[in-house]
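Below: the structure, in structure tokens.
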2 protein chains.
Amino acid sequence: MSSDRPRPLNGQRVTSADVAAAAGVSRATVSYVLNGVHDRISEATRIRVYDAAERLGYVPNAVASALRAGRTEIILLAMPSWPLGPAVAEFVTAGVTEFERRGYTALVHFQAGGDSRVFARACDRVRPVALIAPEEDLPPARVAALRENGTRAVLAIAPRPLDHVATLVVDQGTVGEAAMDHLVERGHERIVVVMPTEPEFALLGKERLRGAQAYADAHGATAYPLHVPCDPGAIAAALAPILSHQPTALYAFNDEFAVAAIEALGEVQLAVIGTDDSMVARRLGLSSVSFGAPGNWSRIVARLHDTIEGVSDDLSPIVVHPHVVPHGST
Amino acid sequence: MSSDRPRPLNGQRVTSADVAAAAGVSRATVSYVLNGVHDRISEATRIRVYDAAERLGYVPNAVASALRAGRTEIILLAMPSWPLGPAVAEFVTAGVTEFERRGYTALVHFQAGGDSRVFARACDRVRPVALIAPEEDLPPARVAALRENGTRAVLAIAPRPLDHVATLVVDQGTVGEAAMDHLVERGHERIVVVMPTEPEFALLGKERLRGAQAYADAHGATAYPLHVPCDPGAIAAALAPILSHQPTALYAFNDEFAVAAIEALGEVQLAVIGTDDSMVARRLGLSSVSFGAPGNWSRIVARLHDTIEGVSDDLSPIVVHPHVVPHGST
DNA sequence: ATGAAAGCGCTAACAC
DNA sequence: GTGTTAGCGCTTTCAT
């Protein structure tokens with residue numbers, strides 16, 4: 001069904017020259033028609049061109065366009081080394097959807113190993129018109145190089161605003177703060193904080209703990225940090241000595257740790273809050289901290305779009321705030 | 001630090017012409033040197049060119065290369081609408097890593113809504129040299145169009161081999177089979193199969209159940225399918241009437257459902273097996289079915305590489321098999 | 001209202 | 001051993 005379409009003699013892909021020939025006009029005219037420069041081409045010609053393009057199954061060569069225009073329509077979303085779970089999945093798909101809605105093609109780059117040259121290569125090859133990446137990948141030199149290469153908008157993901165590039169502020173510390181705030185508001189003053197020892201969680205854990213600790217210090221509460229693997233036995237063992245301080249609540253790194261902690265607690269009654277608002281949390285009635293990121297994407301994409309189009313050049317940081325989804329456990 | 005590099009007068013990006021001028025040679029020579037056509041250029045010239053390129057911070061324009069060569073170095077990995085959890089995350093990162101190792105740039109495309117035009121647009125814009133995508137996105141016409149556009153290798157993800165395109169056979173039915181096989185081998189004959197009602201799991205659930213059912217039928221065992229949400233209460237309720245049949249084992253859609261089922265069982269003792277070999281499974285000593293996909297990637301990438309290079313043209317399907325990771329629960 | 005032509009940056013066939 | 005040159009397919013002045 002695609003093979004019986006008329007094809008140019010050379011057997012290659014249909015180009016605008018083929019369409020031009022078929023419509024009896026010049027390539028320039030084809031370009032004008034197909035790019036919607038309406039006040040330049042007569043109705044009759046437009047019809048002929050559209051028709052020929054349709055008949056030949058013409059699809060413009062985006063690489064050629066990109067070379068000519070100096071930029072693509074592709075947006076690269078480089079993921080920080082976040083452990084890939086439902087929360088991150090939601091973040092990504094919401095972002096991708098919003099970009100696609102605006103007519104861009106959003107592609108995700110997973111930095112498998114921490115080699116920044118891989119990322120640099122990806123940028124060079126894709127020449128994305130806009131780019132979202134963790135700050136580690138965006139030192140000033142790279143941002144400059146990107147701009148020279150046709151990238152019109154760059155957004156760094158960082159825990160605090162950077163000054164050489166617009167920043168999407170995702171501070172894991174605020175997750176810890178939100179959790180502690182929720183607990184302290186409910187009268188808890190001695191709070192166990194369960195953080196992971198698993199290396200893939202180390203970074204996130206450190207930040208969340210920092211936030212929790214800072215909040216406790218600032219509000220006259222006490223945080224009892226626990227560094228353990230996600231295992232009820234290990235948690236129980238580490239918890240035992242702390243119970244003598246009579247903690248009344250527990251904040252866990254994520255919902256999985258929260259579940260393990262609940263198991264570890266056994267008879268002991270503590271208020272428990274987790275992180276991610278995952279299915280498990282909802283199922284078990286576990287209060288949980290969540291980044292409401294999806295709702296922020298329309299704002300983010302709108303900003304990038306305006307920057308790309310040169311309409312505005314707002315470099316102010318976009319801050320994403322976590323919020324607590326309360327359930328029965330607190 | 002990037003701004004004090006010498007730049008061509010026009011203030012734009014360094015091109016091969018700039019390097020040529022700086023090295024006192026032609027652009028052709030620059031191209032030859034940088035593309036490693038060693039038996040053509042004298043040692044002295046090579047040094048001069050490398051030197052100039054380095055000094056100017058020259059990075060070849062991949063878009064121009066791609067236009068000229070008719071192909072890019074980018075590989076697109078379009079994800080089937082699998083729920084993004086640890087198992088899928090491992091699958092993706094293993095694949096990406098292997099491609100990067102081979103010098104390709106692997107980008108992931110998340111089909112947010114099921115609109116195939118979004119995917120088509122992505123292909124047109126990226127012009128990937130190879131492509132892995134679910135079969136829904138690869139009807140014969142599209143495969144043909146891709147080949148015309150410079151995509152040298154196409155791999156469809158499908159539950160069974162397709163004949164218009166090489167296939168990565170990922171049959172969720174075999175997951176059900178593997179689980180049942182494990183249980184039947186251990187003497188179980190009446191097995192509860194817990195499958196989700198959540199829409200995002202519907203497809204996978206249907207296939208896994210089909211496989212489990214088929215295996216049971218073929219081996220004189222009985223499968224008692226249960227369609228429930230991931231909730232201990234719901235599972236317990238649905239389970240109650242079935243317990244009169246004296247089942248001895250339970251196979252759950254995934255590890256989360258397995259955990260919920262264990263909770264639902266309470267005092268009732270059944271052998272339980274889940275799916276995904278997730279952290280939870282390992283933690284709780286839950287036997288689990290896992291696609292050993294990561295190990296398959298080197299084979300997959302090698303095949304695509306050979307096809308891209310035109311070395312071989314093996315179209316035979318690549319079959320990925322699940323296996324059971326046994327723990328204490330069975 | 002339309003066409004001719006230049007050129008984005010690169011590579012490779014063909015000179016010398 | 002090195003340079004000249006012709007495009008890849010597109011867009012966009014500048015002419016007409």
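Computed from heavy atoms alone, side chains included, the values below leave out hydrogens, waters and symmetry copies. Labels below follow one simple rule: chain letters A, B, ... track the order of the sequence lines, proteins then strands, and each chain is numbered from 1. For clarity, every value in this text was computed on a predicted model and none was experimentally measured.
Relative orientation of the A:Phe91 and A:Trp82 rings is perpendicular, given thresholds of 30° and 60° on the angle between their planes. Between B:Phe99 and B:Tyr104, the ring planes are perpendicular. Angles over 60° get that label, and only those under 30° would be called parallel.
Neither OP1 nor OP2 of D:dT2 sits under 4.0 Å from any side-chain N or O of B:Thr29. When the side-chain nitrogen and oxygen atoms of A:Ser42 are compared with OP1 and OP2 of C:dT2, one or more of them lie within a distance under 4.0 Å. For D:dG3, one of the phosphate oxygens OP1 or OP2 lies less than 4.0 angstrom from a side-chain nitrogen or oxygen of B:Ser26. For A:Thr45 and C:dT2, the shortest distance from a side-chain N or O to OP1 or OP2 is below 4.0 Å.
Ion pairing of B:Asp137 with B:Arg142 is absent here, as no side-chain N (NZ or NE/NH1/NH2) approaches a carboxylate O to less than 4.0 Å.
Rounded to a whole Å, the CG atom of B:Asp18 is 14 Å from the C1' atom of C:dC8. Atom pair B:Arg48:CZ and D:dT2:P shows a separation of 8 Å (rounding to whole Å applied). Rounded to whole angstrom, the span from the OH atom of A:Tyr58 across to the C1' atom of D:dG9 amounts to 7 Å. Distance A:Leu34 CG to D:dG9 C1': 13 Å, rounded to the nearest Å. Here the P atom of nucleotide C:dG9 and the CD atom of A:Glu148 are 12 Å apart, to the nearest Å. Rounded to whole Å, atom P of D:dT12 lies 13 Å from atom CG of A:Leu67. The separation between A:Asn61 atom CG and D:dG7 atom P is 18 Å, rounded to whole Å. Separating the CZ atom of A:Arg13 from the P atom of D:dG7 is a distance of 22 Å, rounded to the nearest angstrom.
Judged by atom type and distance alone, B:Arg40 reaches the base of D:dG3 through a side-chain donor-acceptor pair under 3.5 Å.
At a cut-off of 3.5 Å, with distance as the only test, a side-chain donor of B:Ser316 or B:Asp314 sits close to an acceptor on the other residue.
Residue whose closest nucleotide on DNA chain D sits further toward the 5' end, between B:Gly24 and A:Val63: B:Gly24.
The side chain of A:Tyr32 lies closest to D:dT12 when the candidates are D:dT12, D:dT4, D:dG9.
Within 4.0 Å (heavy atoms only), A:Ile41 reaches sugar-phosphate atoms of the nucleic acid but no base atom. At a threshold of 4.0 angstrom between heavy atoms, the contacts of A:Val25 are confined to the sugar-phosphate backbone, with no base atom among them.
Across all non-hydrogen atoms, the minimal contact from A:Arg160 to A:Thr167 is O-CG2, 3.7 Å.
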